[in-house]
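Just the heavy atoms: all of them, side chains too, but no hydrogens, waters or symmetry mates, feed the values below. Keep in mind it's a predicted model, so treat the numbers as computed, not measured.
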Amino acid sequence: MSRKATIDNLFIAKMPGATGTIVSSPDRVRTGAISAMGTSLKELTAGAKAAAAMQEMLAAGSTMIEIDPKDIDASPVVDRIVMANDPQFNELVASIREAGQQVPILVRPLDGHRFQIAYGHRRARACATLGIKVKALVRRLTDDELVVAQGKENLDRKDLSFIEKALFARRLEDQGYDRTVIMTALSTEKGNLSRYIAVARALPDPLIHAIGPAVRAGRSRWTALVELLPGKESLADAVIATPEFQSLESDARLSAVLRALSRPENKAIDWSCGKAARIERKNNRTILTIDETAAPAFGAFLTRRLEDLFREYQEGREDAN
């Protein structure tokens, strides 16, 4: 189902008892849609689709309301990984500041004149950042209908990355949703759903959130992380704690973790006299490197003692037997 069809199917008029300002002016929507068309092809396409959908809804006599963001609760199942520095969100804020909110969010009414988001969390957060009300479509939805609408809208917008879909699927299952509902929400089949959930269960949430959505990374890269991580969790934690890691964008963060976990283990020995030697162990070999600058006579000393050390090693093995 297209995004336009999803909006059409889920839209109804203002719910009885709902609070907010009714917006019914076709001219206001049409002007906003035109002004929202940016310089990129993606923005032009999105603006055209949004304008067409809104024109059809208004022509059919539909209405929408404006709600204070403070009166809106998030969906019971989070579908996005929110990063502290998100260029796409900053662009959305700038777009709404300049052209207004072109695409309404979908909410369901709750008790006490509050609403809960089915989809449009980023738009609601952007409006809250700007201190303006949120344009919203209102419909009474069951829990299953809400997560299906949430999943389908995100798929139509092609906004969720692989790991965000995986987390969304796992969270839905953790909250007791049937897998048939989850498959409908993600428009996927049983085998793919199992792979989504398996990846999300194999990786710790703090690591996933530290890396972020990694929008260009598919299942293969996240599966590689699943395979590399066991036994190297402390190394991954050390990587994500570095300032260099924090300065990277999300896909580069995933690459950095994968590179670190893929390197052979190297262990250095620092002697009391300073960093006079380094021991590297890899491929069933041990390489001893002496820093002649730090300890000029140390290499000659070890060479003279090497036979005695080997003999001591052999005697120790015989005693152990």
Side-chain angles (χ1 to χ4, degrees), residues 81-88 90 161-164 166-167 195 198-321:
I81 299 175
V82 179
M83 299 188 70
N85 182 19
D86 184 350
Q88 290 185 337
N90 296 337
S161 66
F162 171 85
I163 196 62
E164 286 178 315
L167 282 177
R195 286 186 279 272
V199 169
R201 292 204 184 284
L203 297 171
D205 277 6
L207 177 59
I208 294 175
H209 284 277
I211 292 172
V215 296
R216 294 185 295 276
R219 179 169 64 91
S220 61
R221 290 178 64 75
W222 286 101
T223 301
L225 181 57
V226 169
E227 294 171 350
L228 289 168
L229 186 62
K232 298 182 179 179
E233 291 83 359
S234 59
L235 176 56
D237 290 341
V239 172
I240 66 177
T242 63
E244 293 80 9
F245 179 87
Q246 299 299 325
S247 68
L248 299 174
E249 55 89 20
S250 183
D251 280 278
R253 290 184 178 189
L254 176 57
S255 296
V257 174
L258 288 173
R259 282 196 305 271
L261 299 185
S262 300
R263 294 191 193 106
E265 284 193 71
N266 293 327
K267 296 183 180 180
I269 296 179
D270 294 339
W271 303 98
S272 59
C273 59
K275 295 185 177 180
R278 180 176 183 84
I279 295 178
E280 297 178 78
R281 299 185 179 94
K282 57 184 178 181
N283 299 328
N284 297 321
R285 299 181 64 188
T286 299
I287 302 172
L288 173 62
T289 304
I290 306 297
D291 187 342
E292 297 278 351
T293 302
F298 189 48
F301 172 78
L302 281 180
T303 301
R304 291 194 302 270
R305 292 290 310 275
L306 189 58
E307 187 172 345
D308 293 336
L309 289 171
F310 185 72
R311 187 182 301 113
E312 183 179 336
Y313 159 75
Q314 286 184 313
E315 291 172 354
R317 293 187 61 187
E318 290 173 359
D319 291 342
N321 293 333

Look up atom [atom1] in [X] and atom [atom2] in [Y], then write down how far apart they are to the nearest 0.5 Å.
X: Thr242; Y: Leu248; atom1: OG1; atom2: CG; result: 7.5 Å
X: Ile208; Y: Glu164; atom1: CD1; atom2: CD; result: 11.0 Å
X: Ile211; Y: Ile163; atom1: CD1; atom2: CD1; result: 8.0 Å
X: Leu258; Y: Glu227; atom1: CG; atom2: CD; result: 10.5 Å
X: Ile290; Y: Leu302; atom1: CD1; atom2: CG; result: 5.0 Å

Testing the basics here: between [X] and [Y], what is the closest heavy-atom pair and its distance to 0.1 Å?
X: Pro213; Y: Ser161; result: O-OG, 2.7 Å
X: Pro204; Y: Leu229; result: CD-CD2, 3.6 Å
X: Ile240; Y: Ala210; result: CD1-CB, 3.9 Å
X: Ala214; Y: Leu254; result: CB-CD2, 4.2 Å
X: Val226; Y: Ala202; result: CG1-CB, 3.6 Å
X: Phe245; Y: Val257; result: CE1-CG2, 3.8 Å

For Leu306, what residues pass the side chain to side chain contact (heavy atoms under 4.5 Å, CB included) criterion, not counting sequence neighbours?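 Leu306: no side chain to side chain contact (heavy atoms under 4.5 Å, CB included) contacts found.
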
Does Pro296 have any side chain to side chain contact (heavy atoms under 4.5 Å, CB included) partners at least two apart in sequence or in another chain, and if so, which?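 None.
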
Counterpart residues, side-chain hydrogen bond (donor to acceptor under 3.5 Å, both in side chains), relative to Arg253 (two or more places apart):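 Arg253: no side-chain hydrogen bond (donor to acceptor under 3.5 Å, both in side chains) contacts found.
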
Test of understanding: with side-chain hydrogen bond (donor to acceptor under 3.5 Å, both in side chains), list the residues that count as partners of Ser255, not counting sequence neighbours.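 With neighbours one apart ignored, the set is Arg221.
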
Not counting sequence neighbours, which residues clear salt bridge (charged side-chain N to carboxylate O under 4.0 Å, His left out) with Glu307? List them please.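 Listed in chain order: Arg311.
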
Does anything in residues 198-219 pair up under side chain to side chain donor-acceptor pair (under 3.5 Å), and if so which pairs, sequence neighbours excluded?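 Applying side chain to side chain donor-acceptor pair (under 3.5 Å) to every pair that reaches into residues 198-219, excluding sequence neighbours, yields Arg170-Asp205, Arg171-His209, Glu173-Arg201, Asp174-Arg201, Arg216-Glu249.
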
Under 3.5 Å, is there a donor-acceptor pair between the side chain of Gln246 and the main chain of Ala241?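 Absent.
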
